[in-house]
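Take a look at the structure below.
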Amino acid sequence: VLNVNLLAAGICSGDSPIYTLSSLTPGVIISWERLDNESIAESPRVVTSNIIDEVLTNLTQKTINVRYAVTLEMGSCINVQYVTVPVFPIPVLTSDLQEGQICSGGTFMYQATTAVKNATITWKRQSNSALLEPEDMAFVPMPISEAVLTNTTAIPIVVKYDVKIEANGCSNTQEVEVVVGPTLLLT
């Protein structure tokens, strides 16, 4: 009988579960096989080892429970038990990453969305020397609202925001862009 929790702690997509299997019976040979799961990128494996240590890549935006059949063998006696490892997705934005154009002095508003449940989304604007307003120094909660952007040049500029998505201990930062038109002046 396995001497471990059959429900392992969850991991983020792209990580390895590093899970040590043990038995109360000395001399038991332990092997494991990851059962096929179409939501995991890597092919199933069969390994004779007491350590589950392989990268698991979740292809979805949902938590995927990966099952391992763990075989304990001593002579002609065999017992199979199942260990489950939750693989959390790396959260990504489902909202547009390119938000069109606003006029200089206009207000940029953006509501980020993701398919991952219970995600926290924060943002900060990257430095841009062509803007009158200073860069944001820290990530703040969504939405981006009342963000006045004043272009100090005679040409359109691209303003970039770092949008950070966090869920289940997994995080990802993506860029959102908006074009800010120039201030229109007579010469």
Minimum heavy-atom distance between Leu72 and Ser23, given as atom pair plus value: CD2-CB, 3.7 Å
Minimum-distance pair of heavy atoms, taken over all atoms of Trp32 and Asp53: CZ2-N, 4.2 Å
Centroid separation Tyr19 to Tyr68 less than 6.0 Å: no
Atom of Ala8, atom of Pro86 and distance for their closest heavy-atom approach: O-CD, 3.3 Å
Separation of Asn172 CG from Cys12 SG (nearest 0.5 Å): 10.5 Å
Side chain proximity check, Met142 to Thr122, heavy atoms < 4.5 angstrom: no
Backbone of Lys124 reached by a side-chain donor or acceptor of Asp162 within 3.5 Å: no
Within-4.5 Å side-chain heavy-atom neighbours: Pro91 and Cys170: yes
Nearest atoms (heavy-atom pairs only) where Leu24 meets Pro26: O-CD, 3.5 Å
Backbone N/O of Val158 and side chain of Asn128: donor-acceptor pair under 3.5 Å: yes
Check: Glu175 and Val163 side chains under 4.5 Å, non-hydrogen atoms: no
Under 3.5 Å: donor-acceptor pair, side chain of Tyr110, backbone of Val176: no
Asn5 atom CG, neighbour heavy-atom count above 12 within 6.0 Å: yes
Within 6.0 angstrom of Glu38 CD, more than 12 heavy atoms from elsewhere: no
N/O donor-acceptor pair under 3.5 Å between Gln61 side chain and Val92 backbone: yes
Beyond-backbone contact of Leu35 with Tyr82, side-chain heavy atoms, under 4.5 angstrom: yes
Glu54 backbone acceptor or donor facing Ser16 side chain under 3.5 Å: yes
In one Ile/Leu/Val/Met/Phe/Trp/Tyr side-chain cluster, 4.5 Å: Val80, Val47: no
Hydrophobic cluster identity match, Ile30 and Ile18, side-chain contacts under 4.5 Å: no
Validation row: Asn58, Ile90 side chains within 4.5 angstrom (heavy atoms): no
Side chain to side chain contact (heavy atoms under 4.5 Å, CB included) evaluation trace for Lys164 with Gln174: CA-CA 6 Å; Lys164 187 179 201 179; Gln174 292 181 268; over 6 Å; no
Val87 vs Thr63, side chain to side chain contact (heavy atoms under 4.5 Å, CB included): CA-CA, chis, key distance, verdict: CA-CA 6 Å; Val87 181; Thr63 299; over 6 Å; no
Gap separating the OG atom of Ser171 from the CG atom of Asn168, nearest 0.5 angstrom: 11.5 Å
OG1 on Thr114 to CD1 on Ile121, rounded to 0.5 Å: 6.0 Å
Backbone N/O of Phe139 and side chain of Trp123: donor-acceptor pair under 3.5 Å: no
Non-hydrogen side-chain atoms of Val28 and Glu73 separated by less than 4.5 Å: no
Test item: Leu56 and Ile11 side chains (from C-beta on) under 4.5 Å apart, heavy atoms: yes
Distance (rounded to the nearest 0.5 Å) between Asn37 CG and Asn65 CG: 9.0 Å
Expected output: side-chain Thr113 to main-chain Ser95 donor-acceptor under 3.5 Å: yes
Reported CD-to-SG distance for the pair Gln101 and Cys103, which is rounded to 0.5 angstrom: 7.0 Å
Intermediate values then yes/no, side chain to side chain contact (heavy atoms under 4.5 Å, CB included), Ile157 and Val179: CA-CA 6 Å; Ile157 60 170; Val179 174; over 6 Å; no
Worked check of side chain to side chain contact (heavy atoms under 4.5 Å, CB included) between Gln81 and Leu6: CA-CA 8 Å; Gln81 290 183 270; Leu6 298 180; 4.1 Å; yes
Heavy-atom closest pair, residues Ile155 and Asn151: O-ND2, 2.8 Å
N/O donor-acceptor pair under 3.5 Å between Arg34 side chain and Glu42 backbone: yes
Verify same cluster id: Ile64, Phe88 (apolar side-chain graph, 4.5 Å): no
Worked check of side chain to side chain donor-acceptor pair (under 3.5 Å) between Ser104 and Thr183: CA-CA 5 Å; Ser104 180; Thr183 301; 2.9 Å; yes
For Leu149 against Ile102, the heavy-atom pair lying closest together: CD1-CD1, 3.9 Å
Electrostatic pair Arg45:Glu33 at N-O distance under 4.0 angstrom: no
Interatomic distance, Ile29 atom CD1 to Ser49 atom OG [nearest 0.5 angstrom]: 12.5 Å
Check: Arg67 and Val83 side chains under 4.5 Å, non-hydrogen atoms: no
